[in-house]
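Structure first, then comments.
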Amino acid sequence: MAVKKKAVMAVASAALDGIFNYIDKNPEEGYGKILDFAEKLIGDHLFPKENFRKMKAGAADPNNIYTRLANGMLRDVDRSVLKHMLLTLGIEAGYFGTREVRANREKYNCNIPWTILFDPTSACNLKCKGCWAAEYGHRQSLTLDEMRSIITQGRALGTHMYMLTGGEPLIRKDDILRLCEEFPDCMFMSYTNGTLIDDEFCENVKRVGNLAFALSVEGTEVTNDARRGEGAYADTMRAMALLRKHKLLFGISVCYTRQNFDYVISDEFVDKMIENGVKYAWYFNYMPVGHTADKELIPTPAQRKTIYFWLRKMRKSETGKPLMVIDFQDDGEYVGGCIAGGRNYFHINSAGDIEPCVFIHFSDSNIRKNTLLEALQSPLFMEYRKGQPFNDNHLRPCPMLENPGALREIINKTGARSTNLIAEEDVDTLCGKCDDFAYEWAPVAEEIWNSTPHPKTHTQYYRDGGKAKIQ
């Protein structure tokens, strides 16, 4: 495998160099060549042929939003960084990693993730109101060797994508850079408030080439600073300017609530982010996690319906904008429902607790006692595997927010403990904050699900008998 991988990487590297040069001279045809190469390499392993046909048609149109996004990437991101990321995501993670992940799911009879999230530290230099990460306290950190072990074990299972959460991950930026150096075949993305980004750090990020960012933004300066503290918005915009100056890849992370909802999906907000160099946006539905959480901040069913159609409008070449937008909650139909519990990802907190989801703070395993594979085969993770998808309507994917009865059953059956390090939150208290929304959203989700077409996900399920099924 190592020899084959080395050969494929060499061919892909040379091909990208030639394609980049061709694109500079003839962009429309150049994008077509990239897609031709990708189709030959991947075949229908990851994407149906119809997807490639649509992408090629879009690439021939200079006004297509994805062509404009690609042009922006080539213009704004350092070529060596862009090449490293394409090879890592496309070949290491996409081509080889996906095959290894799927083979290991069968080999070990458990979920194996494509991505692992972990918290280098729970410490943060901000005190954001309602931040679930703050529930862990500020004295917990993973050691550098523990983070190395997570990645080493993950790579052995086929996982080449690592997202860093917290706390503020960049408090550990020297260790993060070391991880990027030591694992060049892995892609890293850090969620960050941006306050610790400076010129020296940007130069080092460019040198390693496999680290991208998602900067937290809550809307306007007023709404942002009301939650994150005075001056936080200005610091985030300053970080964007620095990243753009150094030609690094970055996006934003937006937690939408009942209060900030209208603005964060407005043209004014999206256009401003694009103008400041943002290439992708992760949108997260507010989750009422932790003893200080306010369930009144959960977006209403009407707002959830609005964002569902807004997302699809944003992605259409005729109506969208050159920004890759992903919604952790409302894109369930593209990934086959809930992706947590190791099905596509899981989370390790700063105390080493291995949790099924970044928003569901229960665990029966810890990296200081268990291997990652042992955690994936633990009662908690196996119950997740047996239950997924938790709803055949993938607009109701979550076992907590939309199907709170499912999480109650899992935790009560497995005895998984609360990992809230300040004040334990039992499953009934947590799910009780979701019951009203789940009840109100269900008929709206059913109406949308039954009246709109849905994609073929090409994802694996093990529910109803334990054998892999492709849907």
Side-chain angles (χ1 to χ4, degrees), residues 46 97-98 100-117 154 157-159 161 163 284-285 287 289 326-348 354-365 372-416 427 430-431 434 437-438 441-442 445-446 449 454-471:
L46 292 177
T98 300
E100 292 170 15
V101 162
R102 291 191 170 184
N104 283 325
R105 287 171 182 165
E106 300 300 318
K107 178 179 179 180
Y108 296 113
N109 191 34
C110 63
N111 281 338
I112 302 291
W114 196 80
T115 302
I116 295 175
L117 276 65
L157 296 172
T159 307
M161 180 72 192
M163 294 186 177
F284 296 89
N285 189 106
M287 296 288 198
V289 177
I326 302 165
D327 186 323
F328 194 77
Q329 209 70 21
D330 291 293
D331 281 335
E333 64 181 318
Y334 295 100
V335 290
C338 171
I339 61 173
R343 179 170 164 259
N344 286 106
Y345 97 97
F346 64 84
H347 176 242
I348 302 170
I354 304 170
E355 304 169 331
C357 178
V358 73
F359 297 116
I360 295 179
H361 301 161
F362 292 90
S363 179
D364 60 1
S365 306
L372 298 188
L373 184 57
E374 286 172 345
L376 289 164
Q377 294 174 330
S378 73
L380 176 60
F381 278 73
M382 292 303 289
E383 284 301 311
Y384 252 79
R385 183 177 186 259
K386 291 176 186 176
Q388 291 167 323
F390 295 106
N391 200 304
D392 290 328
N393 180 337
H394 297 325
L395 304 185
R396 300 169 61 192
C398 181
M400 179 184 77
L401 185 63
E402 291 103 356
N403 306 280
L407 185 61
R408 285 186 176 100
E409 182 178 351
I410 289 172
I411 301 305
N412 289 330
K413 186 173 183 178
T414 63
V427 70
L430 173 62
C431 291
C434 303
F437 174 80
W441 171 240
E446 289 304 305
W449 186 257
H454 309 292
K456 293 285 186 181
T457 60
H458 285 249
T459 55
Q460 292 176 308
Y461 294 119
Y462 294 83
R463 197 183 72 183
D464 307 324
K467 293 183 179 181
K469 293 177 281 293
I470 302 295
Q471 190 177 90

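Note: hydrogens, waters and symmetry copies are ignored here, and every other heavy atom, side chains too, is used.
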Do [X] and [Y] make a side-chain contact, defined as non-hydrogen atoms from C-beta onward lying under 4.5 Å apart?
X: Arg385; Y: Asn109; value: yes
X: Pro397; Y: Gln329; value: yes
X: Cys338; Y: Arg343; value: no
X: Pro404; Y: Phe437; value: no
X: His394; Y: His454; value: no
X: Asn393; Y: Glu402; value: no
X: Leu401; Y: Trp441; value: no
X: Thr414; Y: Phe362; value: no

Looking only at heavy atoms, what is the nearest atom pair of [X] and [Y], with distance?
X: Leu373; Y: Cys110; value: CD1-SG, 3.9 Å
X: Leu157; Y: Asn104; value: O-ND2, 2.9 Å
X: Ile354; Y: Ala375; value: CD1-CB, 3.5 Å
X: Gly341; Y: Tyr384; value: CA-CD2, 3.7 Å
X: Gly154; Y: Leu372; value: N-CD1, 3.9 Å
X: Asp330; Y: Leu395; value: O-CD2, 4.5 Å

Subject >> Contacts of Phe328 that satisfy ring pair (Phe, Tyr, Trp, His ring centres under 6.0 Å) - sequence neighbours left out >> reply: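 Counting only residues at least two positions away or on another chain, Phe328 forms a ring pair (Phe, Tyr, Trp, His ring centres under 6.0 Å) with Phe284, Tyr345, Phe359.
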**OP:** Could I get the full list of ring pair (Phe, Tyr, Trp, His ring centres under 6.0 Å) partners for Phe346, not counting sequence neighbours?
**Re:**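 Counting only residues at least two positions away or on another chain, Phe346 forms a ring pair (Phe, Tyr, Trp, His ring centres under 6.0 Å) with Phe381.
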**OP:** Go through the side-chain N and O atoms of Gln388 and Asn111 and say whether any donor and acceptor fall under 3.5 Å apart.
**Re:**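 Looking only at side-chain atoms, Asn111 and Gln388 do form a donor-acceptor pair, the distance falling under 3.5 Å.
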If only atom types and distance count, is the side chain of [X] paired as donor or acceptor with the main-chain N or O of [Y] below 3.5 Å?
X: Asn403; Y: Cys398; answer: yes
X: Glu383; Y: Pro379; answer: no
X: Asp364; Y: Leu380; answer: yes
X: Arg396; Y: Phe390; answer: no
X: Ser363; Y: Glu355; answer: no

**OP:** With side chain to side chain contact (heavy atoms under 4.5 Å, CB included) as the test, would you mind laying out the steps for Met163 and Val358 before giving the verdict?
**Re:** CA-CA 11 Å; Met163 294 186 177; Val358 73; over 6 Å; no
Separation of [Y] [atom2] from [X] [atom1] (nearest 0.5 Å):
X: Arg408; Y: Cys434; atom1: CZ; atom2: SG; result: 8.5 Å
X: Ser365; Y: Ile348; atom1: OG; atom2: CD1; result: 10.0 Å
X: His347; Y: Cys357; atom1: NE2; atom2: SG; result: 9.0 Å

Original post:
Do Leu407 and Leu430 pass the side chain to side chain contact (heavy atoms under 4.5 Å, CB included) test, and can you show the C-alpha distance, the side-chain angles, and the key distance before you say yes or no?
Top reply: CA-CA 10 Å; Leu407 185 61; Leu430 173 62; 4.0 Å; yes
**OP:** Flag yes if more than 12 heavy atoms outside Gln377 fall under 6.0 Å of its CD atom; otherwise flag no.
**Re:**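 For Gln377, atom CD is crowded (more than 12 foreign heavy atoms under 6.0 Å).
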